[in-house]
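Following: one structure in structure tokens, then a few remarks.
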Amino acid sequence: ELSQEQQALLNYIVEAYNKHRVPQDMAKKLLQEHFSAEENFLLLTEMATSHVQVLVEFTKNIPGFQSLDHEDQIALLKGSAVEAMFLRSAEVFTKKRPQGQTEVLEERIRKSGISEEFITPMFNFYKSIGELQMRQEEHALLTAITILSSDRPYVKDQQAVEQLQEPMLEVLWKFCKLQHPQDPQHFARLLGRLTELRTLNHQHAEMLESWRMS
Amino acid sequence: PSGNTIGLEAIIRKALMGKYDE
């Protein structure tokens, strides 16, 4: 059972997660079917900036985050931005969408000029997230847990970060037990996705360079 | 890649200081 405090934390995190989203007009442009390679590149890079801003606004709402050392806050956000973006875009891709929308989104990525060697692991990740049938609470908590990883480069006070992450992990563990009773490994599988995210993160810089060249 | 990291940090610092304009 979630304690009252844990339920309140969960509600708060989910509310913050839902409140901060990429602007609608930008999201609508993504669903336009006809676009040139250049238009696509510009839109996707614009969306990346917006995604980071959304991520920062969400993170500011994580209890205790703004009381961390300021440079540690920067280090955590820098270290987790790419992973958080992949998580958020996985949610978008695996959500049930009106007819044809997922195909348009997929087409944008496949025609973007990004090499197949990077696209394949990305879509494999989206597929593995989809298979988990995650609830919104799980997306929100997993994002917070990703951001609060104390082993990011340049984080000085790792203990302070771990102290913020621990309650999130506990709430997620309980939530998994309550919502996925038929899958006792659900929590472990969610954490396994974080490992997959690290791989995507490491490949990301190489992916950007190759994309820019193409 | 180092250019991307600097760009990312600048966006983060700006967003941390101010409000994201919805």
Side-chain angles (χ1 to χ4, degrees), chain A residues 16 18-27 44-62 65-85 118 147 152-155 201-213, chain B:
Chain A
N18 282 329
K19 187 176 165 188
H20 300 289
R21 296 205 163 262
V22 165
Q24 266 219 326
D25 55 343
M26 201 184 284
L44 290 177
T45 51
E46 213 179 295
M47 283 212 65
T49 304
S50 181
H51 242 154
V52 173
Q53 289 166 334
V54 163
L55 174 70
V56 173
E57 291 307 311
F58 166 69
T59 305
K60 282 180 187 177
N61 283 278
I62 295 174
F65 183 82
Q66 289 194 283
S67 60
L68 291 173
D69 172 88
H70 187 73
E71 292 307 311
D72 277 358
Q73 291 179 33
I74 309 278
L76 288 172
L77 283 161
K78 263 177 77 173
S80 63
V82 168
E83 292 175 22
M85 283 195 282
F118 301 114
I147 294 161
R152 300 293 185 197
Y154 310 114
V155 170
N201 194 0
H202 291 138
Q203 288 174 340
H204 189 253
E206 205 187 323
M207 183 196 89
L208 285 183
E209 201 51 36
S210 135
W211 187 19
R212 204 182 284 118
M213 292 299 288
Chain B
S2 61
N4 295 324
T5 316
I6 291 165
L8 175 61
E9 184 173 330
I11 296 167
I12 288 168
R13 283 189 185 276
K14 194 175 171 188
L16 265 180
M17 273 167 37
K19 270 198 154 174
Y20 168 48
D21 185 16
E22 288 189 49

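The model shown is predicted, which means the values in this text are computed figures rather than measured ones.
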So CD1 of Ile74(A) and CD of Glu9(B): to nearest 0.5 Å the spacing works out to 6.5 Å
What is the distance from atom CD1 of Ile11(B) to atom CG of Leu77(A), rounded to the nearest 0.5 Å? 12.0 Å
Mind checking whether His70(A) and Leu16(B) have side chains closer than 4.5 Å, heavy atoms only? yes
Within the distance-only criterion (no hydrogens, no angle test), does the side chain of Lys60(A) pair as donor or acceptor with the backbone N or O of Ala15(B) below 3.5 angstrom? yes
